[in-house]
Number of protein chains: 2
Amino acid sequence: MGDHTSLSLSDDEVDRIFRALADATRRDIVRRTLTEEITVSALAAAYQMSFAAVQKHVSVLESAGLVNKNPQGRERLVRGNPDTLRKAQLLLDQYEELWRRRIDRLDALLAGDPNGDPAGGPPEDPATPGSP
Amino acid sequence: MGDHTSLSLSDDEVDRIFRALADATRRDIVRRTLTEEITVSALAAAYQMSFAAVQKHVSVLESAGLVNKNPQGRERLVRGNPDTLRKAQLLLDQYEELWRRRIDRLDALLAGDPNGDPAGGPPEDPATPGSP
DNA sequence: TGGATATACAACCGTATGGTTGTACGTTAG
DNA sequence: CTAACGTACAACCATACGGTTGTATATCCA
């Protein structure tokens, strides 16, 4: 499917990444293949499901760009792709940053700085979770 | 459902977190509610789907612990929960760390340190992506 | 060459998901 | 008090998902 080389992630690509990570077996496959290159059969032997099922999981991970399949004779060596993982990390970092900015605004409000909330609503509940 | 207060995340909890994040609308809700507390109706007005659909999305996010619903009169104020986001970040950090350790082992091998790969396979493809 | 191995892929099945509409209930405003 | 509002929830539908089995194709080994 896609080539997963773009720097800006489309909604669809992010969907696939997180969806792929939303399954324990697939997360385990990612973990394993980040540490060692391993064939699909060797992977399949590790789980209590059919070979085809594991094949599908690998396929989902590959579509998300989380692993690469490297043909080697009749085998396919599966290797985790840390670049895509970093993309996901970046996404979460951005959310974290959004939250940090909100807290900064609230702090500015509490400090009396009248520039924190241009909308001019009344000061909200001052239960600032400083370091939860 | 769960209380999302545990420090160690169960597979099920991680499943829910990533699945909740695997939808563009839900990611947008997380972004918005990290920045401002907002009612479900106000959220619903922002998307081209029924109120009930948005309600379901919020419910999925709440089950994952990504947002909290704060009853205020007849309204429900939705607020993003950065703690759960941090849990997901931690997960991805661990994967990243796994990969880093593998690279370290390969580097040790290339440096002649005979302690890098106890299995003793031949040196793998030396295309070490040092800082991609 | 022939047989075993590794993978690919299609078809099928039960269940989950994302959406809809409709109904019910508590809360606020007039 | 009544009407409008905000929410909850059930029922339903189409499609996607995770699993199975079966079949086909390519590669290795003896």
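Reminder, nothing fancy here: chain letters follow the sequence lines and each chain counts from 1.
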At under 4.0 Å, does any side-chain N or O of [X] touch on OP1 or OP2 of [N]?
X       : N      : value
A:Arg74 : D:dT25 : no
A:Arg76 : C:dA6  : no
A:Lys56 : C:dA8  : no
A:Ser50 : D:dT20 : yes

**Prompt:** In a check of side-chain contact (heavy atoms from CB on, under 4.5 Å) between B:Leu43 and each of B:Val67, B:Asp28, B:Thr33, which one passes?
**Reply:**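 When side-chain contact (heavy atoms from CB on, under 4.5 Å) is applied between B:Leu43 and each of B:Val67, B:Asp28, B:Thr33, only B:Thr33 qualifies.
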**Message:** Quick check on side-chain contact (heavy atoms from CB on, under 4.5 Å): which of A:Thr35, A:Val30, A:Leu85 does B:Leu98 satisfy it with?
**Reply:**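 Looking at A:Thr35, A:Val30, A:Leu85, the match for B:Leu98 under the side-chain contact (heavy atoms from CB on, under 4.5 Å) is A:Thr35.
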**Asked** On DNA chain C, nearest-nucleotide positions of A:Thr39 versus A:Arg19: which is more 5'?
**Response**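 Its nearest nucleotide being more 5', the pick is A:Thr39.
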**Item:** Nearest-nucleotide comparison on DNA chain C, the residue closer to the 5′ end among B:Arg26 and B:Gly73
**Value:**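 Here B:Arg26 is the residue nearer the 5' end.
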**Request:** For residues A:Arg27 and B:Asp15, determine if any side-chain heavy atom of one lies less than 4.5 Å from a side-chain heavy atom of the other.
**Result:**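 In contact.
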**Prompt:** Are side-chain heavy atoms of B:Arg102 and A:Arg79 found at a separation under 4.5 Å?
**Reply:**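 Yes. Closest side-chain heavy atoms under 4.5 Å.
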**Prompt:** Do A:Glu75 and C:dA6 share a donor-acceptor pair, side chain to base, under 3.5 Å?
**Reply:**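 Such a pair does not exist between side chain and base.
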Starting at atom [atom1] of [X], determine the distance to atom [atom2] of [N], rounded to an integer number of angstrom.
X       : N      : atom1 : atom2 : result
B:Met49 : D:dA14 : CE    : P     : 20 Å
B:Gln48 : C:dG18 : CD    : P     : 18 Å
A:Asp23 : C:dA16 : CG    : P     : 14 Å
A:Leu61 : D:dC17 : CG    : C1'   : 14 Å
A:Lys69 : C:dA6  : NZ    : C1'   : 12 Å
A:Phe51 : D:dT25 : CZ    : P     : 17 Å
B:Gln55 : C:dT20 : CD    : P     : 12 Å
A:Asp15 : C:dG18 : CG    : P     : 10 Å

**Request:** Assess whether salt bridge (charged side-chain N to carboxylate O under 4.0 Å, His left out) is satisfied between A:Arg16 and A:Glu13, documenting all intermediate values.
**Result:** CA-CA 5 Å; A:Arg16 278 196 295 267; A:Glu13 195 173 352; 5.6 Å; no
**Asked** B:Ala42 or A:His57: which one's nearest nucleotide on DNA chain D is closer to the 5' end?
**Response**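 Its nearest nucleotide being more 5', the pick is B:Ala42.
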**Prompt:** Quick one: on DNA chain D, does A:Gln72 or A:Ala52 contact a more 5' nucleotide (nearest heavy atom)?
**Reply:**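 Looking at the nearest nucleotide for each, A:Ala52 comes out on the 5' side.
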**Asked** With respect to the side chain of A:Ala53, which nucleotide from D:dG18, D:dG19, D:dA8 is positioned closest?
**Response**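 Among the listed nucleotides, the one closest to the side chain of A:Ala53 is D:dG19.
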